[in-house]
Amino acid sequence: MAASKLVSAWGPLRPGVPGLCRRRPPRGLWAHARRLPEPAGSGRSVAAVSGPGASGTDRYCLELLRKRDYEGYLCSLLLPAESRSSAFALRAFNVELAQVKDSVSEKTIGLMRMQFWKKTVDDVYCDSPPHQPVAIELWKEKNLDDKAYRNIQELENYAENTQSSLLYLTLEILGIKDLHADHAASHIGKAQGIVTCLRATPYHGSRRRVFLPMDICMLHGVSQEDFLRKSQDKNVRDVVYDMASQAHLHLKHARSFHKSVPVKAFPAFLQTVALEDYLKKIQQVDFDIFHPSLQQKNTLLPLSLYIQSWRKRY
């Protein structure tokens, strides 16, 4: 379907998405996770930058999220009070890892930083009991390569290993052990990964990089250069349409578990509000991924999140 002719229907990229999702990692992997201690030798660590004391660490995590993951910051605010500090630390650690690629000029340096974080987590589990649940499945080192995803499945696999894992851990923080919640988290994480890839395209383009799945680009006869020169051609918008449709489909699948997911798990899934907001906005601009309105914050997002939280929906 041509993007320019779309009114409100969303067509899937492919006939369907696998109905069963991989469950989160075995509980034993995360069951004994606590707060990360101050790792030596890192100028970017959560603890080291904020100075001594737990309060300084908490403030750093909160500020890091507010600046680097604003939507995750808002969603974390609406978690139960007893879970917020853990969620802030968890998401802050995710931000630390996510910044590695953009903060280094050489792959070798990036790999060294990733190795530092991997060793830090190993030390936490092996040495002394930490005091706050902070754990995440680390980025696969291959993602430090500046290469586009070969296909949409590769992007979804990456999202499962990062965004979905973050949601699995948030469920752990909330004490949720439910297969339906796991399935919903898997789909929401994949939707988040696709939307993040779309939203970051203008930024990556400014750095002469394109990460959009090659199979979809080839399907519509679009080259990386088309995105680098910010083309508004129909074929370029069709690539964006296909990806947005896939993200929308994942949200639809996640919500199909709504009646089976424990209500206690809903705060972990409030990210769907921001995802749906972006997908609606990109639809309104006819899938022009470079439209200035897509780079603007939604000032009503905090209210929308609160309303959805009050309605006990995701």
Side-chain angles (χ1 to χ4, degrees), residues 7-8 10 58-92 94-95 98 159 163-164 166-167 169-171 173-174 176 181 184-185 187-200 202-203 240 244-245 247-259 261-289 291-314:
V7 179
S8 61
W10 290 87
D58 291 342
R59 283 197 301 271
Y60 176 75
C61 291
L62 188 148
E63 284 301 308
L64 182 62
L65 276 183
R66 188 176 64 82
K67 294 177 181 178
R68 301 292 186 181
D69 182 11
Y70 183 68
E71 293 167 359
Y73 162 76
L74 291 176
C75 292
S76 297
L77 287 175
L78 293 171
L79 290 173
E82 65 272 14
S83 300
R84 285 175 205 154
S85 61
S86 298
F88 281 136
L90 179 63
R91 287 186 175 275
N94 185 56
V95 170
Q163 300 294 341
S164 297
L166 189 61
L167 290 174
L169 287 167
T170 304
L171 291 175
I173 290 172
L174 294 172
I176 306 297
H187 283 295
I188 293 170
K190 290 173 182 175
Q192 175 76 64
I194 295 172
V195 167
T196 299
C197 185
L198 289 172
R199 295 179 71 168
Y203 168 74
V240 178
S245 295
H248 177 81
L249 189 60
H250 278 300
L251 284 183
K252 183 178 179 180
H253 279 305
R255 286 168 173 160
S256 71
F257 297 103
H258 182 272
K259 294 182 179 179
V261 171
V263 174
K264 188 180 177 182
F266 287 7
F269 298 156
L270 285 174
Q271 195 77 16
T272 56
V273 177
L275 297 178
E276 188 168 52
D277 176 67
Y278 178 82
L279 291 174
K280 285 182 177 179
K281 288 198 298 187
I282 202 170
Q283 183 181 8
Q284 291 168 356
V285 298
D286 199 16
F287 301 95
D288 175 10
I289 200 171
H291 197 281
S293 66
L294 297 178
Q295 304 303 318
Q296 298 173 358
K297 283 185 178 180
N298 179 2
T299 57
L300 296 178
L301 181 59
L303 177 61
S304 298
L305 285 166
Y306 180 79
I307 291 175
Q308 201 75 333
S309 175
W310 176 75
R311 294 176 62 193
K312 298 291 190 295
R313 300 184 65 85
Y314 67 84

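Only heavy atoms go into these numbers, but all of them, side chains included; no hydrogens, no water, no symmetry mates. Note that the numbering runs from 1 along the sequence shown for the chain.
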With rounding to the nearest 0.5 angstrom, report the [atom1] to [atom2] distance, [X] to [Y].
{"X": "F287", "Y": "L294", "atom1": "CZ", "atom2": "CG", "result": "10.5 Å"}
{"X": "L305", "Y": "L300", "atom1": "CG", "atom2": "CG", "result": "11.0 Å"}
{"X": "L166", "Y": "Q192", "atom1": "CG", "atom2": "CD", "result": "9.0 Å"}
{"X": "L77", "Y": "S309", "atom1": "CG", "atom2": "OG", "result": "11.0 Å"}
{"X": "S293", "Y": "D288", "atom1": "OG", "atom2": "CG", "result": "8.0 Å"}
{"X": "L74", "Y": "L303", "atom1": "CG", "atom2": "CG", "result": "11.5 Å"}

* To do: Would you please test F269 and L171 for side-chain contact (heavy atoms from CB on, under 4.5 Å) and show each step?
  => CA-CA 9 Å; F269 298 156; L171 291 175; 4.0 Å; yes
Of all heavy-atom pairs between [X] and [Y], which one has the smallest distance, and what is that distance?
{"X": "A87", "Y": "I173", "value": "N-CD1, 3.9 Å"}
{"X": "L78", "Y": "Y306", "value": "CD1-N, 3.8 Å"}
{"X": "A191", "Y": "A247", "value": "CB-O, 3.6 Å"}
{"X": "G193", "Y": "A159", "value": "CA-CB, 3.7 Å"}
{"X": "K190", "Y": "S164", "value": "N-OG, 3.8 Å"}
{"X": "P80", "Y": "L174", "value": "CD-CD2, 3.7 Å"}

Is there a donor-acceptor pair under 3.5 Å between the side chain of [X] and the backbone N or O of [Y]?
{"X": "R313", "Y": "Q308", "value": "no"}
{"X": "K312", "Y": "V263", "value": "no"}
{"X": "Y314", "Y": "A254", "value": "yes"}

* State, with a plain yes or no, whether a side-chain heavy atom of F266 is found less than 4.5 Å away from one of H258. =>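 With C-beta onward as the side chain, the pair touches.
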* Are Q283 and L279 side-chain neighbours, meaning at least one heavy-atom pair lies under 4.5 Å? -> no
* Test salt bridge (Lys or Arg N to Asp or Glu O under 4.0 Å) applied to R199 - qualifying residues, sequence neighbours left out -> E71
* Sort and list the pairs that fulfil salt bridge (charged side-chain N to carboxylate O under 4.0 Å, His left out) and have at least one residue in residues 265-279, not counting sequence neighbours. =>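 The answer is R255-E276, D277-K281.
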